[in-house]
Amino acid sequence: MSKCKLYGVGIPNCELELVDRSFSCSTGSLPFTYLGLPVGASMARVTHWKPIIENFQAKLSRWKSSTLSFGGRLTLCKAILSSPGSFYFSLYKAPVKVIKSLERIHMRFFWGGCFESRRMAWIAWDKILAAKERGGLRIGSLKAQNLALLGKWWWRFKENLDSIWAMAIKSIHGPDCGFSRPLAAKRRSGCWGSIVCLPLLLEKDQLPFLNYLQQVPNVDGSLKWTWSLDSSGVYTVSSLRIHIDNLVLPYSDDAWMWNSLVPGKLNILAWRVGLGNLPCKENLSKLGICSSNLCKMYNEAPETEDHIFVGCPVSREV
C-alpha cells in the first residue's frame, strides 16, 4: 500500500484523507502521469505538451546538427518523428501551436541550427516534408502523423466491439459511443472526444475519412470492416498519413531520381543543385549577403550552381 496513491474525483479533501488513513496510502491530485501519459489534464493546453517539446529539443540538439551531414540529419528527423511523440499523438489531438513548435525544431535542426538559434533555410519546409516522388525528402508532417494515429482507434473499436475498453467507452458515451454526437463527446471527454471528432477535422482538408472505412460482405455472408487506402484492407497509420500529406503538402514536377548506391548526403546535395538552392554567390548576392556574384577561382563568370559543378574551368579540370 505504500506504493499506492488514492485519487478522488468530485470528493471533498476531508473525506479523501479519512479513506487515506484507513488504507495507509498517500493521496494524489489530478493531473498525474500514468505509463508515461498525463491523466486528468486538459491536453488542449500547450503547457501539458512541454515534456514532448523538451524531448524533441534534447533529441535534436545543436551539437548533433553540427556533427551530422544533411543525410544524417534527415535520418534522425525521420526517426524522431515516430519515437518520442507517437505515445502522446496516439491518444491526444495536439494543439496547432504545439505542432508548429515541434516542426520549427525539426526545421532548424535540419538546416544545422537548434531551437534557440536558427540558420538560413534555403527550401520551404513544406516542400521538404513532401514525398520524394513529389519533389520532397519524405520526412512527413507531424499533423498527419497525429491524425493518422488517432484514426487507428476507429479501426480498433470497430474490430473489437466486445473488448473491455470498448465496453467502457459505451458505458460512458452510450451505445453509439459518441460517433453520432462528436461535439458532445468532445465536451464530455477530451481524449475520446478528439478521436470521434476525427472525420470533422479531416473534412477541413477535403478528406472524407468515413468513405475509406466501410463494411463489406464476407464469403459466409457476414460483414467485415475494410480500409480502402491500403491494399490489404486493414487500417495502417502510414496509409492515412501519406494520404493526408499528399493532399496538404505542395507538389513539384521536378522530382529528383534518388540513387540508392550513393550516400544520402550526396543525394540531398544533387537535389538541392537541381532546385537551385545552394548558398552560391549568385544566390547570396540576390539576398544582399554578398556584394559580388563572381566566382573566386574564375572571376569572369557568376558563381551559380551550374558554374560550380560544370562551367568553371577549375571544377571541370578536377
Side-chain angles (χ1 to χ4, degrees), residues 35 37 43 78 81-83 85-94 99 129-134 136 138-251 255:
L35 297 178
L37 285 173
M43 297 309 290
K78 289 181 177 179
L81 178 70
S82 58
S83 53
S86 60
F87 204 27
Y88 272 62
F89 285 168
S90 63
L91 273 180
Y92 303 117
K93 167 71 173 63
I99 294 291
L129 294 178
K132 290 181 179 179
E133 57 271 15
R134 300 172 68 88
R138 202 174 60 190
I139 293 179
S141 67
L142 291 171
K143 176 187 174 183
Q145 178 81 354
N146 185 198
L147 296 176
L149 284 167
L150 292 179
K152 192 165 187 178
W153 286 105
W154 278 72
W155 179 262
R156 285 172 175 162
F157 186 83
K158 302 291 186 184
E159 289 287 292
N160 301 280
L161 286 173
D162 297 328
S163 61
I164 294 176
W165 72 268
M167 289 188 286
I169 294 294
K170 289 179 183 178
S171 67
I172 296 170
H173 297 281
D176 67 336
C177 302
F179 289 131
S180 61
R181 299 171 289 106
L183 296 179
K186 187 175 183 180
R187 286 191 293 269
R188 190 171 183 181
S189 170
C191 177
W192 184 254
S194 298
I195 293 170
V196 298
C197 282
L198 182 65
L200 300 178
L201 297 172
L202 293 174
E203 279 179 10
K204 297 177 182 178
D205 295 323
Q206 308 298 318
L207 198 153
F209 176 77
L210 296 178
N211 290 353
Y212 306 128
L213 186 65
Q214 296 180 347
Q215 277 187 313
V216 296
N218 265 321
V219 180
D220 58 358
S222 60
L223 294 176
K224 68 172 183 178
W225 288 96
T226 182
W227 177 250
S228 61
L229 290 182
D230 194 271
S231 57
S232 66
V234 178
Y235 182 91
T236 58
V237 173
S238 60
S239 64
L240 183 57
R241 178 182 59 81
I242 292 170
H243 193 64
I244 296 172
D245 280 341
N246 288 344
L247 286 175
V248 176
L249 298 178
Y251 172 76

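Scanning all heavy atoms of the two residues, the minimum distance from Tyr251 to Glu133 falls at CE1-O, 4.3 Å. Here the shortest heavy-atom pairing between Asn146 and Phe89 reads ND2-O, 2.9 Å. A pairwise comparison of heavy atoms in Ser171 and Ala168 identifies OG-O, 2.6 Å as the closest pair. Here the shortest heavy-atom pairing between Cys177 and Ile169 reads CB-CG2, 4.0 Å. Minimum interatomic distance between Ser239 and Thr236 (heavy atoms only, all atoms of both residues): OG-O, 2.7 Å. Between Ile99 and Ala94, the closest heavy-atom pair is CD1-CB, 3.8 Å.
Separation of atoms CG (Leu229) and CG (Asn211) is listed at 10.0 Å; rounding is to 0.5 Å. Atom CZ of residue Arg138 and atom NZ of residue Lys78 lie 5.0 Å apart, to the nearest 0.5 angstrom. Between the CG atom of Leu198 and the CZ atom of Phe179 there is a distance of 10.0 Å, given to the nearest 0.5 Å. The distance from the CG atom of Leu247 to the CD1 atom of Ile244 is 8.0 Å, given to the nearest 0.5 Å. Within the model, atoms NZ of Lys170 and CZ of Phe157 stand 5.5 Å from one another, a figure rounded to the nearest 0.5 Å. Atoms OG and CD, on Ser238 and Gln145 in that order, are 9.5 Å from each other to the nearest 0.5 Å.
The closest side-chain heavy-atom distance from Tyr235 to Val237 is below 4.5 Å. Under the 4.5 Å side-chain criterion, counting only non-hydrogen atoms from C-beta, Leu150 is not in contact with Ser90. In this structure, the side chains of Lys143 and Asp205 come closer than 4.5 Å at one or more pairs of heavy atoms. For the pair Leu202 and Leu147, the minimum side-chain heavy-atom distance is below 4.5 Å. Side-chain contact between Val234 and Asp230 is absent, with no heavy atoms from C-beta onward closer than 4.5 Å. Residues Leu207 and Leu240 have side chains in contact (heavy-atom distance under 4.5 Å, counting atoms from C-beta outward).
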- Is there a side chain to side chain contact (heavy atoms under 4.5 Å, CB included) between Leu201 and Phe209 once you walk through the steps? CA-CA 9 Å; Leu201 297 172; Phe209 176 77; over 6 Å; no
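Annotation: side chain to side chain donor-acceptor pair (under 3.5 Å) contacts involving residues 151-163, sequence neighbours excluded, comprise Ser163-Trp165.
Around atom NZ of Lys93, more than 12 heavy atoms belonging to other residues, nucleotides or ligands sit under 6.0 Å away. A 6.0 Å sphere centred on CG of Leu161 holds more than 12 heavy atoms belonging to other residues, nucleotides or ligands.
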